[in-house]
Colleague: 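One structure is given below, represented as structure tokens, and several questions about it will come after.
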Amino acid sequence: RDSVASRGLGDVYKRQPVLCTGRDRNLADDQLSDKAKYAMDFLESVISQFHKGSYTLTPVKTETGYVIKISGDDAGALIGRKGETMEALSYLTSLAANRFEDSDEKISVDVADYRQKREKDLVAMAKKMAAKVAKSGRSYSFEPMNPYERRIIHATVSEINGVKSESKGEGSQRRVVIYSTTPVSYT
């Protein structure tokens with residue numbers, strides 16, 4: 001497509017088409033479900049509309065469905081601030097795939113192993129804050145998080161004695177609060 005003058009949409013019209021270097025098929029096409037194939041096609045078409053650079057999509061079978069891993073140039077743009085762009089891509093891909101075929105298979109997206117890195121960071125942060133709450137007796141409120149991240153915090157805190165966690169707030173402002181379960185003596 002030739003470059004066209006921008007119409008105020010952040011130079012979307014000036015960008016060159018994305019170069020998909022292909023799909024790294026650790027699973028052969030015949031091993032993928034129709035839903036996973038559709039999700040791969042959908043994700044490829046969405047990314048090609050706004051991402052400049054080359055990338056590779058790799059479907060990975062999980063216990064509950066598939067994770068489509070994306071690697072390539074400028075992966076940070078597909079991750080976004082605190083994973084928001086990646087979560088949006090994952091949500092849209094899952095929504096489209098579910099409209100195509102309503103099965104129990106879950107489809108999610110992971111860019112440059114961000115989920116694994118973020119999970120490790122969240123577990124460490126939850127342990128650190130839980131220890132602080134247990135020692136001081138004062139509650140700690142995390143920043144707002146998506147449901148996936150809140151589940152990681154809750155699961156980590158549930159394994160630690162002397163503290164408990166709750167989600168507070170509504171919608172995008174929902175956050176996890178850690179409380180002490182043992183009173184602190186100030187004598």
Colleague: Evaluate the side-chain proximity of K35 to N98: yes if any heavy-atom separation is below 4.5 Å, no if none is.
Modeller: yes

Colleague: Could I get the full list of salt bridge (Lys or Arg N to Asp or Glu O under 4.0 Å) partners for D113, not counting sequence neighbours?
Modeller: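 By the salt bridge (Lys or Arg N to Asp or Glu O under 4.0 Å) rule, D113 matches K69.
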
Colleague: T64 and E105: side-chain donor and acceptor closer than 3.5 Å?
Modeller: no

Colleague: Hey, is K82 close enough to E87 for a salt bridge, meaning N to O under 4.0 Å?
Modeller: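 Looking at K82 and E87, the cut-off is not met.
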
Colleague: What heavy-atom pair brings A97 and I107 nearest, and what distance separates the two atoms?
Modeller: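 It is CB-CG1, 4.2 Å.
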
Colleague: Closest heavy-atom contact between L43 and L89?
Modeller: CD1-CD2, 4.1 Å

Colleague: Ignoring hydrogens and geometry, is there a side-chain-to-backbone donor-acceptor pair from S139 to Y179 under 3.5 Å?
Modeller: no

Colleague: Considering only NZ, NE, NH1 and NH2 on the basic side and carboxylate oxygens on the acidic side, decide whether R151 and E149 come within less than 4.0 Å.
Modeller: no

Colleague: Between S90 (side chain) and M86 (backbone), is there a donor-acceptor pair under 3.5 Å?
Modeller: no

Colleague: Please check if the number of heavy atoms outside Q116 that lie under 6.0 Å from its CD is greater than 12.
Modeller: no

Colleague: Any side-chain heavy atom of I47 within less than 4.5 Å of one from L78?
Modeller: yes

Colleague: Which pairs count as ring pair (Phe, Tyr, Trp, His ring centres under 6.0 Å) when at least one residue sits in residues 117-150, sequence neighbours excluded?
Modeller: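 Matches after skipping sequence neighbours: Y140-F142.
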
Colleague: Do R138 side-chain atoms and K132 backbone N/O form a donor-acceptor pair below 3.5 Å?
Modeller: no

Colleague: Would you say that M40 contacts P59 through its side chain, given a criterion of any heavy-atom pair below 4.5 Å between the two side chains?
Modeller: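 Side-chain contact under 4.5 Å: yes.
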
Colleague: Going by the ring pair (Phe, Tyr, Trp, His ring centres under 6.0 Å) test, which pairs reach into residues 69-88, not counting sequence neighbours?
Modeller: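 Found none.
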
Colleague: Going by the rule salt bridge (Lys or Arg N to Asp or Glu O under 4.0 Å), which residues pair with E119 if we only count those two or more places apart in sequence or in a different chain?
Modeller: none

Colleague: Whether the side chain of R150 engages the backbone of M145 through a donor-acceptor N/O pair (distance < 3.5 Å, no angle test) should be reported.
Modeller: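 Between the backbone of M145 and the side chain of R150 there is a qualifying donor-acceptor contact (under 3.5 Å).
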
Colleague: Is it the case that one hydrophobic cluster holds both L92 and V67, taking links as side-chain heavy atoms less than 4.5 Å apart, direct or via other members?
Modeller: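 Cluster IDs for L92 and V67 differ.
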
Colleague: Are E44 and L57 close enough that some pair of their side-chain heavy atoms sits under 4.5 Å apart?
Modeller: yes

Colleague: Does any pair with a residue in residues 78-100 pass ring pair (Phe, Tyr, Trp, His ring centres under 6.0 Å), and if so which ones, sequence neighbours excluded?
Modeller: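 Matches after skipping sequence neighbours: Y38-F100.
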
Colleague: K127: which residues meet the side-chain contact (heavy atoms from CB on, under 4.5 Å) condition with it, sequence neighbours left out?
Modeller: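 Residues passing side-chain contact (heavy atoms from CB on, under 4.5 Å) with K127: V123, T156, I160.
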
Colleague: Is R174 reaching over with its side chain to a backbone N or O of G169, donor-acceptor style, under 3.5 angstrom?
Modeller: yes

Colleague: Going hydrophobic residue to hydrophobic residue with side-chain gaps under 4.5 angstrom, can you get from I68 over to L32?
Modeller: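 Yes: a chain of side-chain contacts under 4.5 Å links I68 to L32.
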
